[in-house]
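One is the number of the first residue; the rest follow in order along the sequence.
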Amino acid sequence: MKVLTNLPRISGDNGKTTGNWKKALLFGTWNVRTIFKTGVTQGVVSEIEKNRLKVVALQEIRWSDSGSVDIQDTTVFYGKCNDQRQFGTGFVVHKSLIPAIKDFRDVNPRISILTLMTQSFDINFVNLHAPTEDKRQEEKDHFYEDVMATLNTIPRRRIQIVLGDMNAKIGKDTTFRPVIGSHSLHNTSNDNELRLIDMATERGLLVKSTMFPHKMIHKGTWSSSDGKYINQIDHILINLRFSNCIQDVRTVRGADSDSDHFLIKGKIKVKLKNPAQSTGTILDRYDVSKLESEEKSWCLKNRLKEQMRTIHFDSIGSIDERWKKVRDSIKTVSELVLGKLKKIKNPWFNEICEKVLVQRKSLRTTWLGDPTNKDK
């Protein structure tokens, strides 16, 4: 029997599973319009955590610098907006995936890249925010030139997931069916769709967001302010070799961030790499504010004296061992007298803020589900 070798590990898009993984990685994309408002970031993170997504690409962050910030059980990696405080892309990553992050790169206000390590291949999430349909052709050309230049820096052997607000209405043209599938919300396309398909064809990508059969309400990604118009303009693409990794893509209509875009959720089956973490030095923080009290200061001083008298330094030869005894004594007495400092996260975001967000989300859900609402 002839044994075939050097076959791609994953190929095609025939709906078969790609392994016996018990759990899949939930990821997504969301144009939040802006998080340059008080409380919006907290609300966005809460909605993402509630839907158990581990990696979400964000568009229109509108922050004036690049970096990262920890919020609840999530880290937000953000890129810089332009001089007019427009655009800005980034990623929301759950803390469980932080050890697997290899790199975050802010390319420009419309493009950013997050790299995750897996057991076999690295995953590159490429976050895009394309110009709208009414923008000048020169601006669109410049954007896709930047996209191609960015994608060309990524080795083709890696898993490449391109996602974000593409502003592309994909039709059902049978000519492009191998690339876009047959489950788009729209029958006709726009100019941005042709540019997206050209980019996908050149890079060997498939548009997975239009390949899964769902109800119409789970396909639309953008809604007009009056609810009369729904478009599918946010998309998720992946390179052909790994296309079977993505098991599903759909809209999460219940997530609310005061945006006209819906949260898009995808499911991918991969085995992430868990690099060995250094234990490092754990710093204990004590409530030193209690030392302002004379009684506490006196108590700490006397307890330390008593504790030091119990140490027999003459019987300890090594200077390192002596210091260890002194250090442990200080830590023991400090914890007993002062207590450890408790970290308070976002004290300004209190129960009142949480209650208002819940009320707004409840009203929005009612509005979305009311078929008799003429203004919807």
- Test D141 against R195 for salt bridge (charged side-chain N to carboxylate O under 4.0 Å, His left out), laying out the working first. CA-CA 9 Å; D141 292 340; R195 292 175 179 271; 2.6 Å; yes
Within the structure provided, determine whether [X] and [Y] are in side-chain contact (heavy-atom separation under 4.5 Å).
{"X": "T41", "Y": "W63", "result": "yes"}
{"X": "M211", "Y": "I246", "result": "no"}
{"X": "V40", "Y": "D258", "result": "no"}
{"X": "L97", "Y": "L25", "result": "yes"}
{"X": "Y144", "Y": "D198", "result": "no"}
{"X": "I180", "Y": "K172", "result": "no"}

- Message: Under a 3.5 Å threshold, yes or no: a donor from one side chain and an acceptor from the other, between H94 and S96?
- Response: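 Judged by distance alone, the side chains do pair up.
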- Task: Report yes or no: do S112 and D106 form a side-chain donor-acceptor pair below 3.5 Å?
- Result: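 No, D106 and S112 have no side-chain donor paired with an acceptor closer than 3.5 Å.
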Please check if the number of heavy atoms outside [X] that lie under 6.0 Å from its [atom1] is greater than 12.
{"X": "F36", "atom1": "CZ", "result": "no"}
{"X": "D83", "atom1": "CG", "result": "no"}
{"X": "K219", "atom1": "NZ", "result": "yes"}

Take the angle between the ring planes of [X] and [Y] and call it parallel below 30°, perpendicular above 60°, tilted in between.
{"X": "H129", "Y": "F87", "result": "perpendicular"}
{"X": "H214", "Y": "H218", "result": "perpendicular"}
{"X": "W222", "Y": "H261", "result": "perpendicular"}

- Query: Taking only residues two or more places apart in sequence or in another chain, which ones pass salt bridge (Lys or Arg N to Asp or Glu O under 4.0 Å) with R136?
  - Reply: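 Partners of R136 under the salt bridge (Lys or Arg N to Asp or Glu O under 4.0 Å) test: E138.
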- Item | Partners meeting salt bridge (Lys or Arg N to Asp or Glu O under 4.0 Å) with D173 (sequence neighbours left out) |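 Testing D173 for salt bridge (Lys or Arg N to Asp or Glu O under 4.0 Å), a comparison that skips the adjacent residues, returns none.
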- Message: Test side chain to side chain donor-acceptor pair (under 3.5 Å) on T74 and E49; report intermediate values, then the result.
- Response: CA-CA 8 Å; T74 297; E49 290 183 352; 2.7 Å; yes
- Message: Given R105, which partner from the list I111, L114, T153 fulfils the side-chain contact (heavy atoms from CB on, under 4.5 Å) test?
- Response: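 Only match with R105 under side-chain contact (heavy atoms from CB on, under 4.5 Å): T153.
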- Task: Of all the heavy-atom pairs spanning T29 and Q59, show the shortest one and how long it is.
- Result: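 Reported closest heavy-atom pair: OG1-NE2, 3.0 Å.
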- Task: Dump the intermediate steps for salt bridge (charged side-chain N to carboxylate O under 4.0 Å, His left out) on K169 and E193, then the final yes or no.
- Result: CA-CA 6 Å; K169 293 170 61 176; E193 182 229 18; over 6 Å; no
- Shared ILVMFWY cluster between F242 and L205, side chains joined below 4.5 angstrom?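 Result: no, two separate clusters.
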- Task: Kindly indicate, with the supporting measurements, whether the criterion side-chain contact (heavy atoms from CB on, under 4.5 Å) is fulfilled by Y286 and K331.
- Result: CA-CA 9 Å; Y286 302 99; K331 292 174 66 175; 3.5 Å; yes
- Is D146 paired with R110 through a side-chain N to carboxylate O contact shorter than 4.0 Å?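 No salt bridge links R110 with D146.
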- Query: Hey, mind stepping through V126 and I154 against side-chain contact (heavy atoms from CB on, under 4.5 Å) and telling me if it holds?
  - Reply: CA-CA 10 Å; V126 183; I154 302 174; 3.7 Å; yes
- Query: Do the side chain of K290 and the main chain of L338 share a donor and acceptor less than 3.5 angstrom apart?
  - Reply: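 Between the backbone of L338 and the side chain of K290 there is a qualifying donor-acceptor contact (under 3.5 Å).
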- Residue pair D260, R33: steps toward the salt bridge (charged side-chain N to carboxylate O under 4.0 Å, His left out) verdict: CA-CA 8 Å; D260 53 359; R33 300 295 292 177; 3.7 Å; yes
